[in-house]
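Order of the sequence lines sets the chain letters (A, B, ...), proteins ahead of strands, with each chain counted from 1.
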Number of protein chains: 2
Amino acid sequence: MAGTITRADILGGALSLLDSGGLPALAMRRIAAEFGVQQSALYWHFNSKQELLAGLADHILDHVAAVEGATWQERITDLSLSLRTELLAHKDGAELVATAFAFKLGSKALFRSFADELSRAGLVPEDAETAASVLLHFVLGYTTNEQQHWQAADLGAISGEDTLDDDLGRQFSTDRFVRGVALILAGAHSRLNPT
Amino acid sequence: MAGTITRADILGGALSLLDSGGLPALAMRRIAAEFGVQQSALYWHFNSKQELLAGLADHILDHVAAVEGATWQERITDLSLSLRTELLAHKDGAELVATAFAFKLGSKALFRSFADELSRAGLVPEDAETAASVLLHFVLGYTTNEQQHWQAADLGAISGEDTLDDDLGRQFSTDRFVRGVALILAGAHSRLNPT
DNA sequence: ACCTGAACACCGTTCAAGT
DNA sequence: ACCTGAACACCGTTCAAGT
């Protein structure tokens, strides 16, 4: 008793490793060590590291907040911001989720959240899905670049690089992110049926 | 003579390895073996594998075709299609470029191509850059997923999986890709100053 | 059902030393 | 300037065997 480990335990341990060390810390041996167990033990619970990472990505996406807002534009902007916040909350979180994105279930749920909101706004399903796809790719791509930039800057600060002149840094901000989302929403707006 | 190797040689060898075996084939030992050289020899020409991959990504992006078309919408759609085609031309090409994207020079040039075209169309620089960013993230993200899907399907076909019912497959097509680009262009159109 | 122990087949990077 | 040889410190995955 207490001597057996569950999938949820492993994902929890993996998440705390991710938070402290990022993707490079996510080695099977290190995860196993968190539980005082052999690396091979993990393969009883997961068929591969890829499956473990996909589970971890799902777990992160599960925490994306539900959304309020008067207009559909506000609700989608909120959902995008909430997703970005959740990705930025974990070291290498955006890259992890973007990489695991391909066939995952959590990202399917998110895709449906975006698409359903756009459907309710009045888009035909085909347009709603197109816009949802554009939104997801923008949020994941932008946030991945943004996070890599800040994390690299943090390392530079420690090793005393000359101030990375933030022409490049000004490329990333909540403002710029929101303007990207707004441009996509303007495109979606143009697809509305005149009632 | 003939016994010395250049950066360009190495990138050429790496590209042919990529084409035949994808990213997993891109090991320093394997690249070195193509030239009958020790893996450590590569480190005289490149400081790290990451730098080599960035060079390879630049090399791929250099081949993105110049663009013709009557309207700015046509020119940007063409440029997007040309980029997608070039990524799909190399196994794991989209993932490679998307991963190396962060601080690369080739992707800066591409960003400028998109942004300049949108500026000429009449967008203020800030909007042009926002739209260019959305476009690039969509093209890279969509194409990465698309390529992963087809490559996984190819493996399944060999090992005789039951037909992956292409509900999922219909998610990816030139048509769907173009609709995504068109939606972004509609958003950009809404930013045009009334003349 | 759940895990150990040990092995297999790899990785990227460094560095003294050679030519 | 350009490369060798050898080592260092890792990886993911498999599998017989234990309990």
Side-chain angles (χ1 to χ4, degrees), chain A residues 1-18 20-57 91-92 95-96 99-100 102-104 148 151-152 155 159, chain B residues 1-18 20-57 91-92 95-96 99-100 102-104 148 151-152 155 159:
Chain A
M1 70 235 27
T4 216
I5 249 108
T6 71
R7 267 178 81 105
D9 291 334
I10 294 171
L11 291 176
L15 186 60
S16 88
L17 271 175
L18 182 73
S20 58
L23 277 173
L26 241 43
M28 297 303 266
R29 282 161 172 85
R30 290 224 225 171
I31 299 168
E34 287 241 300
F35 299 99
V37 129
Q38 292 291 114
Q39 64 267 37
S40 51
L42 300 177
Y43 287 86
W44 193 90
H45 299 278
F46 296 92
N47 289 316
S48 66
K49 184 185 183 182
Q50 231 201 132
E51 191 182 308
L52 197 159
L53 293 182
L56 193 53
K91 198 174 292 182
D92 291 338
E95 188 179 346
L96 168 65
T99 292
F103 290 96
K104 273 198 344 62
Q148 278 167 359
Q151 289 180 179
L155 287 181
S159 75
Chain B
M1 67 244 20
T4 216
I5 249 109
T6 72
R7 267 178 81 105
D9 291 333
I10 294 171
L11 291 176
L15 187 60
S16 89
L17 271 176
L18 182 74
S20 58
L23 277 173
L26 241 42
M28 298 303 267
R29 283 161 172 84
R30 291 225 224 168
I31 299 169
E34 287 240 300
F35 299 98
V37 129
Q38 292 291 114
Q39 64 268 34
S40 51
L42 301 177
Y43 286 86
W44 194 89
H45 299 277
F46 296 92
N47 289 316
S48 66
K49 185 186 183 183
Q50 230 202 131
E51 190 182 309
L52 196 159
L53 293 183
L56 194 53
K91 198 174 293 182
D92 291 338
E95 187 180 346
L96 167 65
T99 292
F103 291 95
K104 272 197 345 63
Q148 279 168 357
Q151 289 180 181
L155 287 181
S159 75

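- Taking atom P on both nucleotides, C:dA17 is separated from D:dC2 by 22 Å, rounded to a whole Å.
- Residue contacts for B:Ala41: at a heavy-atom cut-off of 4.0 Å it reaches a base atom on one of the strands shown.
- Here CG of A:Leu56 is found 10.0 Å from CG of A:Leu17. Values are rounded to the nearest 0.5 Å.
- Note: A:Glu51 CD to A:Leu42 CG = 11.5 Å, rounded to the nearest 0.5 Å.
- Stems are defined here as 3 or more consecutive Watson-Crick or G-U wobble pairs with pairing distances under 3.5 Å; those involving DNA chain C are C:4-8 with D:12-16, C:12-16 with D:4-8.
- Closest of all the heavy-atom pairs between B:Gly21 and B:Pro24 is O-CD, 3.7 Å.
- Annotation: the span from A:Thr99 atom OG1 to B:Glu95 atom CD amounts to 6.5 Å, rounded to 0.5 Å.
- Comparing D:dC10 with C:dA9, their P atoms sit 22 Å apart, to the nearest whole Å.
- Summary of the strand contacts: B:Gln39 and A:Gln50 both lie near DNA chain D, and taking for each the nucleotide with the nearest heavy atom, the more 5' one is attributed to B:Gln39.
- The shortest distance between side-chain heavy atoms of A:Leu26 and A:Asp92 does not fall below 4.5 Å.
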Go through it in stages, so that I can follow the logic: the residues are B:Leu18 and B:Leu96, the test is side chain to side chain contact (heavy atoms under 4.5 Å, CB included), and I'd like the CA-CA distance, side-chain angles, deciding distance and then a yes or no.
CA-CA 10 Å; B:Leu18 182 74; B:Leu96 167 65; 3.9 Å; yes
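- Atom C1' of C:dC8 sits at a distance of 12 Å from the matching atom of D:dC11, rounded to the whole Å.
- Side-chain contact between B:Phe46 and B:Leu11 is present, with at least one heavy-atom pair separated by less than 4.5 Å.
- Looking at heavy atoms from C-beta onward, A:Leu52 lies in side-chain contact with A:Ile31 at the 4.5 angstrom threshold.
- Mapping heavy-atom proximity under 4.0 Å, the span of DNA chain D touched by chain A runs 5' to 3' from D:dC11 to D:dC15.
- Contacts of B:Leu42 with the nucleic acid, taken as non-hydrogen atoms under 4.0 Å apart, are absent.
- Residue A:Ser40 is in base contact, counting any heavy-atom pair closer than 4.0 Å across all strands shown.
- Nearest heavy-atom pair across A:Glu34 and A:Gly13 is OE1-O, 3.1 Å.
- Between atom NE2 of residue A:His45 and atom CZ of residue A:Arg7 there is a gap of 9.5 Å, rounded to the nearest 0.5 Å.
- The stretch residues 28-38 of chain B comes close to DNA chain C through B:Met28, B:Arg29, B:Arg30, each having a heavy atom under 4.0 Å from the strand.
- In this structure a side-chain-to-backbone donor-acceptor pair under 3.5 Å is missing from B:Lys91 to B:Gln151.
- In this structure, A:Leu52 reaches neither bases nor backbone, as no heavy-atom distance under 4.0 Å exists between it and the strands shown.
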